[in-house]
Amino acid sequence: HTRSLCDWSSDVCSSDLMSIADICNREVIAVHRDATVNQAAKLMRRHHVGAVVVVDEFGQQRVPVGMVTDRDIVIKVDAMDLDGKVLTAGDIMSRELVTAPLTLALTETLELMRARGVRRVPVIDGDGGLAGIVAIDDVVAVLADELGDLARVMSRGRSREIHHRQ
């Protein structure tokens, strides 16, 4: 999904106008702490994702508590010759989870990801419940669209100048 950061008709252009809610994926693949590593890996394969969010449930609310990435599985399980049928997502999840509120601006989210060195960030609602996930790939897609729009504006400006000089 692509959305514009800029309103070219009014010359408003700021990624601060876009919150992370505008680009996050609302269909988050999540597991409980007690899911086996193999179960998590199969979910990643089935849904073509590189990570699952580990959640605790409180009523209807899923609260993110960790993340398991494909890299975690390779480094912490496969490379150590451990059994993914026995180990759980809770055993290998990244516990220092970086999350972003739905209201966080895109630029602030990028800064958070850069500062913490993460490629994926679960997005949480006002109550701390899992609302989505944003990956660096999502951000790059939005920025690439914006650069394309900017290139078209530059091209039109040049064409208009050539037309007016004739």
Side-chain angles (χ1 to χ4, degrees), residues 1-5 15-149:
H1 45 47
T2 59
R3 292 180 175 79
S4 182
L5 295 176
S15 55
D16 286 332
L17 298 177
M18 179 181 280
S19 76
I20 206 62
D22 296 321
I23 68 165
C24 74
N25 184 348
R26 301 297 181 125
E27 296 177 22
V28 184
I29 308 306
V31 297
H32 294 110
R33 293 174 193 255
D34 60 353
T36 67
V37 170
N38 278 11
Q39 289 170 327
K42 287 177 182 179
L43 277 174
M44 287 184 219
R45 184 174 190 273
R46 182 178 322 131
H47 295 282
H48 308 285
V49 295
V52 293
V53 179
V54 182
V55 297
D56 285 342
E57 290 198 31
F58 299 99
Q60 296 293 330
Q61 187 177 34
R62 298 185 308 168
V63 177
V65 294
M67 187 173 300
V68 173
T69 67
D70 46 8
R71 180 175 170 80
D72 291 331
I73 294 170
V74 170
I75 301 295
K76 297 176 182 177
V77 180
D78 295 340
M80 302 299 290
D81 290 324
L82 298 176
D83 190 351
K85 293 177 186 170
V86 175
L87 286 174
T88 66
D91 293 331
I92 70 164
M93 70 181 183
S94 302
R95 295 180 194 283
E96 291 185 24
L97 187 63
V98 178
T99 61
L102 281 167
T103 56
L104 198 64
L106 177 59
T107 54
E108 293 172 312
T109 304
L110 281 171
E111 176 57 25
L112 176 66
M113 294 171 89
R114 186 201 61 76
R116 298 293 297 273
V118 295
R119 294 177 50 208
R120 299 172 189 93
V121 177
V123 179
I124 55 173
D125 61 25
D127 296 323
L130 185 61
I133 190 165
V134 67
I136 198 69
D137 302 8
D138 302 323
V139 176
V140 168
V142 169
L143 295 176
D145 284 347
E146 292 309 312
L147 288 174
D149 288 346

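All residue numbers in this chain count up from 1 along the given sequence.
Separating the CZ atom in Arg119 from the CG atom in Asp137 is a distance of 6.0 Å, to the nearest 0.5 Å. From Thr109, atom OG1 reaches atom CG of Leu104 across 3.5 Å, with rounding to the nearest 0.5 Å. In this structure, CG on Asp127 lies 5.5 Å from CD on Gln61, to the nearest 0.5 angstrom. Atom CD1 of residue Ile20 and atom OG1 of residue Thr107 lie 9.5 Å apart, to the nearest 0.5 angstrom. In this structure, CD1 in Ile124 is found 12.5 Å from CD1 in Ile133, a value given to the nearest 0.5 Å. The CG atom of Asp34 sits 10.5 Å away from the CG atom of Asp91 when rounded to the nearest 0.5 Å.
In this view, Asp81 satisfies the side chain to side chain contact (heavy atoms under 4.5 Å, CB included) rule with no residue, not counting sequence neighbours. Under the side chain to side chain contact (heavy atoms under 4.5 Å, CB included) criterion, Ala51 pairs with Met67, Thr69, Arg120, not counting sequence neighbours.
Shortest non-hydrogen contact noted between Val52 and Met44 is CG1-CG, 3.8 Å. Closest heavy-atom contact between Val123 and Pro101: CG1-C, 4.2 Å. Ala30 approaches Val55 most closely through the heavy-atom pair CB-CG1, 4.0 Å. Minimum interatomic distance between Ala35 and Val31 (heavy atoms only, all atoms of both residues): CB-CB, 3.9 Å. Contact detail for Gly132 and Cys24: the closest heavy-atom pair is CA-SG, 4.2 Å.
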Original post:
Stepwise, does the side-chain contact (heavy atoms from CB on, under 4.5 Å) test hold for Leu110 with Ile136?
Top reply: CA-CA 8 Å; Leu110 281 171; Ile136 198 69; 4.1 Å; yes
Subject >> Residues Thr36, Lys85; criterion side-chain contact (heavy atoms from CB on, under 4.5 Å); working and verdict >> reply: CA-CA 6 Å; Thr36 67; Lys85 293 177 186 170; 5.7 Å; no
Original post:
Going through the distances and angles, do Val134 and Val139 end up as a side-chain contact (heavy atoms from CB on, under 4.5 Å)?
Top reply: CA-CA 8 Å; Val134 67; Val139 176; 4.1 Å; yes
**OP:** Please report the C-alpha distance between Leu112 and Val98 in whole Å, then the side-chain angles of each, then the deciding distance to 0.1 Å, and finally whether the side-chain contact (heavy atoms from CB on, under 4.5 Å) criterion is met.
**Re:** CA-CA 8 Å; Leu112 176 66; Val98 178; 3.7 Å; yes
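Contact of the Thr88 side chain with the Arg33 side chain is not registered, since no non-hydrogen atoms from C-beta on lie closer than 4.5 Å. Counting only heavy atoms from C-beta outward, the side chains of Ile92 and Val68 approach each other to under 4.5 Å. Thr99 places a side-chain heavy atom less than 4.5 Å from the side chain of Pro122. For the pair Ile29 and Arg46, the minimum side-chain heavy-atom distance is 4.5 Å or more.
Among Glu57, Gln39, Arg62, the one residue that satisfies the side chain to side chain contact (heavy atoms under 4.5 Å, CB included) test with His32 is Glu57. Checking Asp56, Leu97, Val54 one by one against Pro64, the side chain to side chain contact (heavy atoms under 4.5 Å, CB included) holds for a single residue, Leu97.
Between the side chain of Arg71 and the main chain of Lys76, no donor-acceptor pair closer than 3.5 Å is present.
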